[in-house]
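Here's the structure we're looking at; comments come further down.
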There are 2 protein chains.
Amino acid sequence: MVPGTAREDGTLAEQLSARIAAGEFRPGRRLSEAELAERFSVSRNTLREAFRVLAEQGLLEHVPHRGVSVTAPRVADVLDIYRVRRHLEAGVLARADPRHPATVQVRAAVEAAEAAAAAGDWVGVGTANTAFHAALVSLADSPRLTRTYRQLGAELRLAFLVIGDPQTLHGAFVGRNRSVLETFVTAGGPAAARELEDYLTESERTVLGAYARLGLG
Amino acid sequence: MVPGTAREDGTLAEQLSARIAAGEFRPGRRLSEAELAERFSVSRNTLREAFRVLAEQGLLEHVPHRGVSVTAPRVADVLDIYRVRRHLEAGVLARADPRHPATVQVRAAVEAAEAAAAAGDWVGVGTANTAFHAALVSLADSPRLTRTYRQLGAELRLAFLVIGDPQTLHGAFVGRNRSVLETFVTAGGPAAARELEDYLTESERTVLGAYARLGLG
DNA sequence: ATGGCCTGGATTGTTGAACAACGTGTTTCT
DNA sequence: AGAAACACGTTGTTCAACAATCCAGGCCAT
């Protein structure tokens with residue numbers, strides 16, 4: 001074990017990913033190999049391996065001979081992300097059984113979002129929101145769907161970071177999380193799926209509106 | 001194509017990926033860094049970057065300090081792959097419009113499969129089959145769904161390579177490709193989607209049967 | 001000024017060698 | 001036989017160097 005690097009655990013790619021999600025590196029920011037290698041106390045080669053991983057996950061954009069930068073989703077990306085979200089989440093939910101074990105995780109995410117909202121922690125609400133949707137997808141018991149959705153959520157989080165203002169982005173959806181959950185357990189998957197599609201369409205509108213307001217249309 | 005040191009284009013990761021798909025490196029085979037770096041005339045560091053990319057795509061399995069090997073899908077993976085396939089393909093097809101431009105590519109893939117089958121080129125049938133399903137997904141006009149599906153197809157191809165015997169695997173489905181296409185253009189997406197689900201379930205049975213016969217249950 | 005061309009500096013791409021860290025198979029000892 | 005110690009090979013990581021490429025700024029001609 002090399003001294004000095006024991007402060008944080010997880011792979012280098014995970015550390016980078018966490019810092020990006022935390023907003024330490026904003027979307028669009030270019031990441032210099034030399035600078036980051038210095039900052040993380042790793043060699044350029046090791047850092048480049050982590051870059052390849054995150055680029056493949058869509059968190060970083062890699063342009064040959066021009067370096068990597070944090071992905072800044074465009075409007076077209078937002079549209080595509082929500083298209084896939086509707087497809088995946090609604091499809092999974094429609095076929096899901098409310099008695100599935102993962103339902104407890106859905107409920108936990110709903111309650112975490114409510115608690116964070118009550119405390120005014122809007123970033124926490126965003127995190128819990130992401131967990132809510134991820135939990136919905138996990139109802140399908142498919143490692144690959146879960147994994148795909150996690151990446152999608154990470155990309156969407158980048159769009160949120162482009163916008164800022166987590167209260168407007170997430171605040172309005174805490175109640176809808178709860179509502180979808182209750183519909184699911186009382187009225188079943190298909191009804192919940194229909195409600196979720198409206199939910200997602202409204203969320204999409206919120207994001208697109210903010211993009212337009214920022215002049216990114 | 002002449003094997004050997006033929007100058008190929010594309011990134012190193014793409015070259016590796018092509019060779020894996022071609023069966024040059026069989027599933028389960030361990031890939032030594034030193035050996036492959038030598039074979040591709042690149043340095044270990046460069047090769048390792050390509051490894052990270054392909055591992056992230058699911059083509060290679062990376063175990064820390066133990067190296068990478070070509071992914072050999074297990075039964076659980078086959079089940080998951082087909083679950084996602086049904087989810088994605090059927091969902092896309094059900095919502096698709098037969099007049100969509102990508103329909104011509106679906107038709108082209110159907111005809112390519114028929115031509116290859118007539119010529120007894122079963123590997124070619126497999127390739128055309130993969131193209132058929134990829135074309136179906138492209139009806140959704142979603143870059144992310146298309147990309148996800150391409151990776152899924154690559155993983156499935158690994159399962160086919162585990163089995164061998166492309167004739168049994170692909171031969172029976174040439175006619176069903178045609179049938180799904182005709183149903184789609186004459187009866188619409190939902191009807192075609194139902195037919196496709198049966199198709200995929202039968203395909204899954206074929207693969208699982210072969211796995212069982214190989215003692216990989 | 002404007003546009004194109006050139007050049008210098010900075011960054012990425014790649015290499016080779018070296019060593020540390022770890023896993024594995026073998027040997028040795030009890 | 002079983003466990004512990006060892007030796008070996010591989011991966012993980014670093015470093016320094018160089019090649020390839022991009023970019024900004026200056027220069028020149030129009």
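A note on names: the letters A, B, ... follow the listed sequences, proteins ahead of strands, and every chain is numbered from 1. Below, all heavy atoms of this structure are taken into account, side chains as well, without hydrogens, waters or symmetry copies.
- For the pair Leu31(A) CG and dG13(C) P, the interatomic distance rounds to 13 Å; values are reported in whole Å.
- Taking atom CZ of Arg44(A) as the reference point, atom P of dC15(D) lies 12 Å away to the nearest angstrom.
- Remark: His65(A), Arg66(A) in residues 56-73 of chain A come within less than 4.0 Å of DNA chain D through at least one heavy atom.
- Closest heavy-atom contact between Leu158(B) and Gly58(B): CD1-O, 4.3 Å.
- Protein atom CZ of Arg30(B) is 7 Å distant from nucleotide atom C1' of dT10(D), rounded to whole Å.
- At a threshold of 4.5 Å between non-hydrogen side-chain atoms, the residues Phe40(B) and Leu16(B) count as touching.
- At its two ends the helix from dA1(C)-dT30(D) to dT30(C)-dA1(D) runs along axes set 0° apart, each axis drawn from five pairs and the angle rounded to 10°.
- By the side chain to side chain contact (heavy atoms under 4.5 Å, CB included) test, Glu204(A) is found to be paired with Leu79(A), Tyr82(A), Arg86(A), Leu208(A), residues two or more places apart in sequence or in another chain being considered.
- Here Asp77(B) pairs with Arg144(A) in a salt bridge; the nearest charged N to carboxylate O distance falls below 4.0 Å.
- Contact annotation for Leu12(B): no contact, since no heavy-atom pair falls under 4.0 Å across all strands.
- Minimum atom distance to the side chain of Asn45(A) is reached by dG16(C), of the listed dG12(D), dT12(C), dG16(C).
- Atom CG of Leu47(A) is separated from atom P of dG12(D) by 16 Å (rounded to the nearest Å).
- For the pair Arg66(A) and Glu61(A), the salt-bridge criterion is not met [side-chain N within less than 4.0 Å of a carboxylate O].
- Rounded to whole angstrom, the span from the CZ atom of Arg48(B) across to the P atom of dA17(C) amounts to 17 Å.
- A sub-4.0 Å separation between OP1 or OP2 of dG12(D) and a side-chain N or O of Thr46(A) is absent.
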message: If you apply the rule side-chain contact (heavy atoms from CB on, under 4.5 Å), what do you find for His133(A) with Tyr149(A), and how did you get there?
response: CA-CA 9 Å; His133(A) 294 281; Tyr149(A) 194 84; 3.1 Å; yes
